[in-house]
Amino acid sequence: MEKIVDKITFREEIRPKLKREGRTIALCHGVFDLVHPGHIIHLQQAKQMADILVVSITAAEYVRKGPGRPYFNDEMRLKVLEALECVDYVMLSEGYTVDDIVENVEPDLYIKGEEYAKESDDITGKITAERELVERHGGKVAYTTGEVFSSTKLINTALSGLPEDVIQYMQGFITQYSMEDIRNYAEKAEKLKVLVVGDVIIDKYTYCIVHGLMSKDTGYSSGLEYSEEYLGGAAAVARHLSSFAENVTLMSIVGNEEEMRLRLFDGLADKMRLKFTYSSDFPTIIKHRYLTRNAKREEYRKIFSINNIPETMAYEQEAKEEFCRGLAEKLDESDVVFLCDFGHGLVDDRVKELIQEKAKYLVLNCQTNSTNYGLNIITKYSRADAFTLDQKELKLAYPMDLSDERTALKKLSEHLGCGGWLTRGSEGAYGIENRKGQECPEIHKCQDIHECKGIHECPAFTLTVKDTVGAGDAFYSIAGLYAAAGAPTELGTFMGNIAGALGANIVGNREAVEKVNVLKYAGTLLNI
């Protein structure tokens, strides 16, 4: 008998035959990345509860355990389960939920391990929905008992699923923080009234095949494949935050192009409140990048970039007055403000001073890019409650401290009167404690993050990268939101690094970093 079957075949051919024969069907579902004794016991007990045992696995593209997972591909995981005597049928689930399998199998029993019996402990929120779906199809949920093992823990340690520096870091981290801590701060963040202020940018990506250099010039000769547009800038930050917080407002000045207005509302209005002022003088900012893809893996290289940003971008007085009036009102009612200063004209001295004066909690990001290089320095601000910046931006702020990022980071922290983060690409991130009113102690490279009284160093959680464009914004969004919810700096560093790792594996800002994916990856890393 062929055990590996597709959903349609099971629904139309196999299930009717089993029902005519009066047989009961049990369903087990999971990733089954590394089958271990706990899985065997679980499946054997499930088989004892019904006549036929069906096991489904989540297809690799829908596994939310972080970059590099699952460790084994779909075919290998299916074949391992097929080899088990207690398993009658194996199939692939092609979605983030098990809905497609339940609807086609219609099990009499949907069987989970006893660790899932308390639905309120499920970080994904899926268990309740799964139970209700099973019941609608005439089945019920049952639970097995037995010792709980972890594929994730085995892969993280025995199979070197994580780099050694990450394993060492996490071994210290788990002595101080738990998944319960992470969830508790996420619940606090969910209730915050969040205001995002900054330039809305349309990221246009045109994908090309590079043929080579022009025969009579120095430029690339390329073949056009296709183009896509993503909502970037402050819109990307607001999308990340809207996955964690229920009340997010995005404020900006954008062009009055009708097509662009519709695009922004279609892409954002169901996730947040939009408070746009429209400019008649300046268009919505578009940054157009031309990329080529690695032939062997999903990795992209940018070969050229253009934008529509004027040399001098000062919005007309009427638009600026309208924006500032609305901003003053929103600042009064917001718990936390994310100021995304991309240096493209929205944040002038008036907006800067208004936000510094009125924001109850200010999370600051002041970016350097090719159009404002050396002109948009974070030290133009005198106050924040948390900040993020990258290595280039820190060096521009403190050029005399190029050889010592820690000293420069300390100076910035003292200047702004708050803690924050330095993102360091493949080297991870530094987080510096918020020490308002206190003298910052000597900064040193921590051997134990829990003894550190100055800077906390966290390694990068992935070296697998598709596109780094959105990684910094993802870090800023989630680290800043955790800080606003009262989380310690090192926990914010941890959560920001997770968001950055996930963001680096999203092309452009095609998708937001979702809360469920961040929490699932946190669970993966904590399972050491």
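- Within the model, atoms CD of Glu405 and CD of Gln391 stand 4.5 Å from one another, a figure rounded to the nearest 0.5 Å.
- Distance CG/Asn256 to OG1/Thr277: 12.0 Å, rounded to 0.5 Å.
- Expressed to the nearest 0.5 Å, how far SG of Cys418 lies from CD of Glu433 amounts to 12.0 Å.
- Side-chain atoms of Glu130 and Thr97 form no donor-acceptor pair, as typed in the model, at a separation below 3.5 Å.
- Not one N or O on the side chain of His344 forms a donor-acceptor pair closer than 3.5 Å with the backbone of Ile309.
- Remark: Glu190 CD to Leu481 CG distance equals 10.5 Å, nearest 0.5 Å.
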Is there a side-chain contact (heavy atoms from CB on, under 4.5 Å) between Ile182 and Leu491 once you walk through the steps? CA-CA 8 Å; Ile182 290 169; Leu491 186 54; 3.8 Å; yes
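- None of Asn307, Asn308, Thr206 except one satisfies the side chain to side chain donor-acceptor pair (under 3.5 Å) rule with His288; the exception is Thr206.
- Under the 4.0 Å criterion applied to side-chain N and carboxylate O atoms, Lys275 and Glu322 are not assigned as salt-bridge partners.
- Put simply, CG on Asp203 and CD on Glu228 are 12.0 Å apart, with the number rounded to the nearest 0.5 Å.
- With respect to Asp332, the salt bridge (Lys or Arg N to Asp or Glu O under 4.0 Å) criterion is satisfied by exactly one of Lys193, Arg325, Lys358: Lys358.
- Below 30°, between 30° and 60°, or above 60°: for Trp421 and Phe475 the angle between ring planes is above 60°, a perpendicular geometry.
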Show your working on salt bridge (charged side-chain N to carboxylate O under 4.0 Å, His left out) between Lys302 and Asp467 and close with a plain yes or no. CA-CA 9 Å; Lys302 298 174 184 66; Asp467 184 8; 2.7 Å; yes
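- No donor-acceptor pair closer than 3.5 Å links the side chain of Ser413 to the backbone N or O of Lys410.
- Inspection of the Asp473 and Gln367 side chains reveals an N or O donor paired with an N or O acceptor under 3.5 Å.
- A ring-ring contact (aromatic ring centres under 6.0 Å, His included) with Tyr315 is found for exactly one of Phe323, Tyr278, Phe282, namely Phe282.
- The heavy-atom pair separating Val166 from Leu525 by the smallest distance is CG1-CD2, 4.1 Å.
- Residue Ser243 comes nearest to Lys515 through the heavy atom pair OG-N, 2.6 Å, listed as atom of the first residue, atom of the second, then distance.
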Determine, step by step, whether Asp266 and Arg263 satisfy the salt bridge (charged side-chain N to carboxylate O under 4.0 Å, His left out) criterion, reporting the C-alpha distance in whole Å, the side-chain angles of both residues, the deciding distance to 0.1 Å, and the verdict. CA-CA 5 Å; Asp266 285 346; Arg263 169 75 190 281; over 6 Å; no
Could you go step by step and tell me if Arg406 and Glu457 meet the salt bridge (charged side-chain N to carboxylate O under 4.0 Å, His left out) rule? CA-CA 10 Å; Arg406 295 164 181 273; Glu457 182 175 357; 3.0 Å; yes
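- Outside the 6.0 Å centre-distance limit, the rings of Phe494 and Tyr177 are not counted as a close aromatic pair.
- The neighbour count for Lys330 NZ, taken as heavy atoms of other residues, nucleotides or ligands under 6.0 Å away, is above 12.
- Of the inter-residue distances, the one linking Thr407 atom OG1 with Tyr398 atom OH reads 11.5 Å to the nearest 0.5 angstrom.
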Evaluate Tyr381 against Cys366 for side-chain contact (heavy atoms from CB on, under 4.5 Å), listing each step before the verdict. CA-CA 9 Å; Tyr381 291 91; Cys366 184; 4.0 Å; yes
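- Between Phe265 and Phe276, the ring planes are perpendicular. Angles over 60° get that label, and only those under 30° would be called parallel.
- The main-chain N or O of Asp341 is found under 3.5 Å from a side-chain atom of Asn376 such that the two form a donor-acceptor pair.
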Going through the distances and angles, do Glu225 and Arg293 end up as a salt bridge (charged side-chain N to carboxylate O under 4.0 Å, His left out)? CA-CA 11 Å; Glu225 290 194 294; Arg293 176 174 173 167; over 6 Å; no
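- When atom types are taken as modelled, the side chain of Asp199 and the backbone of Gly233 share no donor-acceptor pair closer than 3.5 angstrom.
- No donor-acceptor pair closer than 3.5 Å links the side chain of Arg350 to the backbone N or O of Lys320.
- Between the side chain of Thr284 and the backbone N or O of Gly255, at least one donor-acceptor pair lies under 3.5 Å.
- Of the possible donor and acceptor atoms, one in the side chain of Tyr476 sits under 3.5 Å from a partner among the backbone N and O of Val363.
- Using a 3.5 Å distance cut-off with no hydrogens or angles, the side chains of Asn527 and Thr524 do not pair a donor with an acceptor.
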When you look at Val200 and Ile285, which way does the side-chain contact (heavy atoms from CB on, under 4.5 Å) test go after all the steps? CA-CA 7 Å; Val200 169; Ile285 296 170; over 6 Å; no
